[in-house]
Amino acid sequence: MTQNNVLNPAQIEHLSALRYINNIDEHMKIVSSVKVLDDADQYDNAVLLVLDIFIDDKQIDKMSFSLRNYAYEEIVELAQHIRDNDYILRAVDTALSGDIE
């Protein structure tokens with residue numbers, strides 16, 4: 001494990017305050033935020049990417065993804081650019097399809 005993946009207190013504070021609105025299409029938007037879990041220690045970071053999913057301004061679902069041991073820069077990049085992440089978009093689509101059936 002590299003030292004780059006250890007979050008310092010300033011990075012944890014910054015990540016905890018982030019909120020990004022990702023417009024997916026004309027009806028759907030995903031608000032991404034980051035939660036740094038309390039069980040993180042100096043050699044590990046436990047981070048969740050939390051997604052609030054809205055359709056036509058109504059929240060319809062909430063999802064989270066583990067970002068354990070992601071570097072600070074990777075976490076910020078991912079939270080900012082949900083629309084560009086095929087894996088997350090497929091997971092959202094699958095979850096929403098399950099809710100409709």
Side-chain angles (χ1 to χ4, degrees):
M1 184 179 313
T2 65
Q3 195 67 8
N4 292 341
N5 291 354
V6 176
L7 299 175
N8 66 46
Q11 290 172 326
I12 291 171
E13 184 176 339
H14 181 246
L15 288 172
S16 297
L18 293 180
R19 301 287 178 279
Y20 293 107
I21 298 172
N22 295 270
N23 292 312
I24 306 304
D25 62 28
E26 65 185 64
H27 297 284
M28 180 186 283
K29 69 180 172 188
I30 298 175
V31 178
S32 59
S33 60
V34 177
K35 179 175 173 126
V36 180
L37 304 177
D38 292 336
D39 67 350
D41 64 31
Q42 66 182 6
Y43 300 109
D44 182 21
N45 67 38
V47 176
L48 288 179
L49 175 66
V50 180
L51 306 179
D52 291 303
I53 304 164
F54 294 82
I55 294 185
D56 294 328
D57 295 326
K58 179 182 177 202
Q59 184 174 0
I60 60 163
D61 208 348
K62 183 176 219 155
M63 299 178 72
S64 64
F65 295 86
S66 174
L67 302 182
R68 183 173 290 277
N69 294 322
Y70 275 55
Y72 170 78
E73 295 80 9
E74 293 172 311
I75 296 167
V76 172
E77 178 72 19
L78 186 56
Q80 285 178 325
H81 301 287
I82 296 299
R83 185 178 179 163
D84 298 331
N85 188 295
D86 290 337
Y87 173 80
I88 289 178
L89 291 179
R90 274 194 306 275
V92 168
D93 187 48
T94 299
L96 295 180
S97 295
D99 288 344
I100 293 170
E101 295 180 345

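Of all the heavy atoms in Leu51 and Ser32, the pair that sits closest is CD2-CB, 3.7 Å. Closest of all the heavy-atom pairs between Ala91 and Met63 is O-CE, 3.7 Å. Closest of all the heavy-atom pairs between Ala79 and Val34 is CB-CG2, 4.3 Å. Contact record, Ala71 with Glu74: N-OE1, 2.7 Å, taken as the closest heavy-atom pair. Closest approach of Lys29 to Ile21, counting heavy atoms only: CD-CG2, 4.0 Å. Leu89 and Ile82 get closest at one heavy-atom pair: CG-O, 3.9 Å.
The NE2 atom of His27 sits 9.0 Å away from atom CD1 of Ile55, with the distance rounded to the nearest 0.5 Å. Distance CG/Leu49 to OG/Ser64: 8.5 Å, rounded to 0.5 Å. Here Asp52 contributes atom CG and Asp61 contributes atom CG; the two are 9.5 Å apart, rounded to the nearest 0.5 Å. For the atom pair CD of Glu13 and CG of Leu7, the computed distance is 13.0 Å after rounding to the nearest 0.5 Å. Rounding to the nearest 0.5 Å places CD1 of Ile53 at 8.5 Å from CD of Gln59. How far CG of Leu37 is from CD1 of Ile12: 10.5 Å, rounded to the nearest 0.5 Å.
Other residues, nucleotides and ligands place more than 12 heavy atoms under 6.0 Å from the CD atom of Gln80.
Looking at heavy atoms from C-beta onward, His81 lies in side-chain contact with Glu77 at the 4.5 angstrom threshold. Looking at Ile75 and Gln11, their side chains never come closer than 4.5 Å, going by heavy atoms from C-beta outward.
With sequence neighbours excluded, the residues that form a side chain to side chain donor-acceptor pair (under 3.5 Å) with His14 are Tyr72.
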- Task: Could you give me the CA-CA distance, side-chain angles and deciding distance for Ile24 and Val92, then say whether side-chain contact (heavy atoms from CB on, under 4.5 Å) is met?
- Result: CA-CA 11 Å; Ile24 306 304; Val92 168; over 6 Å; no

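Val31 and Val47 fall into different hydrophobic clusters, defined by Ile, Leu, Val, Met, Phe, Trp and Tyr side-chain heavy atoms under 4.5 Å apart, directly or through other members. Under the 4.5 Å side-chain heavy-atom criterion for ILVMFWY residues, a single connected hydrophobic cluster contains both Ile30 and Tyr20.
Remark: side-chain polar atoms of Arg83 are paired, donor with acceptor, to backbone N or O of Asn23 under 3.5 angstrom.
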